[in-house]
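Since the model is a prediction, treat every value here as computed from it, not as a measurement. As the structure lists them, so they are numbered: ligands from 1, and atoms in each ligand from 1.
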Amino acid sequence: MGEEAPELISNTDRNSVLGYDPESKDYSSSIAIGDKIYVVGGSDDDANASISVKVFDKLNGKWSNPTVLGTKPTPSKGHSAVLINMEQILIIKSDSSPDDCIWFLEVDTQFVKQQRQLVGAEVVAWSKGITGDAPKPIVISGPSGVGKGTLIAKLMKEYPTTFGFSVSHTTRAPREKEVNGVHYHFTERNIMEKDIRDGKFLETAAVHGNLYGTSIEAVEAVTNAGKRCILDIDVQGARSVRASSLEAIFIFICPPSFEELEKRLRSRGTETEEQVQKRLRNAKAELDQGTSPGLFDHILVNGDLETCYENLKKLLALEEGIDVSYQPDNFKVPLCHSVTKKDHKVLIHCGNNGLESETARTFMLDLSLLKGSAPGRTRGLYISAGGPFTENVNGMGQV
Ligand SMILES: Nc1nc2c(ncn2[C@@H]2O[C@H](COP(=O)(O)OP(=O)(O)O)[C@@H](O)[C@H]2O)c(=O)[nH]1
Ligand SMILES: Nc1ncnc2c1ncn2[C@@H]1O[C@H](COP(=O)(O)OP(=O)(O)O)[C@@H](O)[C@H]1O
C-alpha cells in the first residue's frame, strides 16, 4: 500500500506550457477526464479577464465553451493543473498571492451535474481553496414577524467585524425603510428567473407569492470580507442549503404563541391586511416544518427579546468553528515549478525546475480534509512548507 510511484504532473509555466502563444501571451493546460478534455487557459495581458475553460468532447470531436459558474480566478503568469479525482481539477496559480493561488475546477461534482441538467449544456464551476477551517455560516429561519431581522440586526450591530449578512435577491417590493443592496437586492421576476437559469443562486424559493434567493456571490462577498455569514431564509431555503455543499448551522426562531406572532406582524405595520393574512396562514406550515426533527440544529423561542438574543449569542459561541490556518506566510508558487501527486497529497517543487538546490523549496498540500465545494468555497486545505518531503509507506512525509 502506498508503494506505487507518484504520478508526475508537468507544470504549465512559460517553458513547458501546452499551447503557450508568445505573441498573445496566452497559455493553457489540458486535463483529460473520461471522454472529455478540459483546457484551462488565460492571458496575463488582461488583468481583468478570468481564466477561461474550453471542453473538447472526444466522442463527437467538438469543442464547447461551457457555462462557467462561481467566482472565476483571474489569470496569472502560469498555472499547474492536477487531476484530483474524476470530478475536480486542482489549479495552482503561479506568482499569485497566498489567498489566490489554489483553485478547484469542478467538472462533474453533484452541483455541476445538477446545473448541467438545469442549463441543458456543459457546465463547470470554480471554487476557491481556503486553508484551515472557517466558522460555519448561520442559517436563521422562522415565520414572518417572529423577530429574525431584529435579532440579526442586533448581532450585526454588536459584532460588525465578525458577522456579515448575506443579502438575498427578492421580487417583492421594498418596504419604506429598506435599502436596495443592504436589506435585499430588489429585482424583477424575469431577471431573477434568468439568473436562476444561469446558476447564480445557491438556493431559491417562492415565499408568500414572491421569489427569494441567496446568490453564490452574496455568500462569497461576506466570506471574502473575512466575516461569518448570516442567512435569513425560509424553511424551504434552509432545506436546500442543507442539501448543498455549504456546511452551516441551522437555527429556527419560534414565537412564544401564535397570538403574539400576529400582534408583532400587525404592529410592524409593513404589510397590507391581505399580506398579513397570507403570512399568518404560511406561518402555521412553517412552524410545523421548523419544529419537526431533522432540519434545524437549534430552536430558539423569541419571547423576551433580550433573553432570546443572549441565548443566540451563547449558541453561536458554542458552535464557533476553530479557525486554524496552516498556510505558511510566504506561500507563493513561482513560475518555475513542478507538481507530484499521490493519494491526497500534492507536492509542489519550486525553483530550478523542481531540481533540488539551495533555493529550491517544496510545499505540500494535504487535500484529505477538504470540505465544501462549489457553489462557495473549498475549505480545509492544509499547506506545509519545508522539505525535502520524501515518500514513506503511508504516502509522503517530511524528513
Ligand atoms: N429561501 C429563501 N428565503 C428567503 C430569502 N431571503 C428572505 N427569505 C425569507 O422570505 C420570507 C419573507 O421575507 P420578507 O419578505 O423579508 O418578510 P419578513 O419575514 O416578514 O420580514 C422570510 O421567511 C425570509 O426568511 C432567500 O434568499 N431565500
Ligand atoms: N421579542 C420580541 N418582543 C416583542 N416584539 C418583538 C420581538 N422581536 C421582534 N419584535 C418586533 O416584531 C416585529 C417583527 O420583527 P422582525 O424582526 O421584523 O421579524 P421577521 O424578520 O422575523 O419578519 C418588529 O416590529 C419587531 O420590532
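Between Ser267 and ligand 2, a contact under 3.5 Å exists for no N or O pair. Taking only nitrogen or oxygen atoms, main chain and side chain alike, Thr204 does not reach within less than 3.5 Å of ligand 1. Ligand 2 has an N or O atom lying under 3.5 Å from an N or O atom of Asn302, backbone or side chain.
The residue among Asn210, Val167, Ile140, Asp234 with a heavy atom at the shortest distance from atom 3 (N) of ligand 1 is Asp234. If you check each of Arg264, Glu203, Arg279 against atom 28 (N) of ligand 1, the one with the closest non-hydrogen atom is Glu203.
Interface atoms of ligand 1 facing Arg268, defined by a heavy-atom separation under 4.0 Å, are 18 (P), 20 (O), 21 (O). Listed by number with element, the atoms of ligand 1 under 4.0 Å from a non-hydrogen atom of Ala205 are 1 (N). Within the listing of ligand 2, atoms 22 (O) sit less than 4.0 angstrom from a heavy atom of Pro143. Proximity to Lys148 (heavy-atom distance under 4.0 Å) selects the following atoms of ligand 1: 19 (O), 25 (O).
Every heavy atom of Cys308 sits 4.0 Å or more from the atoms of ligand 2. Note on ligand 2: Gly142 sits outside its first shell, no heavy atom being nearer than 4.0 Å.
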Derivation and outcome, side-chain contact (heavy atoms from CB on, under 4.5 Å), residues Leu69 and Val112: CA-CA 9 Å; Leu69 304 177; Val112 166; over 6 Å; no
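Relative ring orientation between Trp63 and Phe56 is described as tilted, the plane-to-plane angle lying within the 30° to 60° band. Ring orientation note: the planes of Phe201 and His169 are nearly perpendicular, at an angle over 60° on the 30°/60° scale.
Without hydrogens or angle criteria, Thr170 side chain to Leu211 main chain gives a donor-acceptor distance under 3.5 Å.
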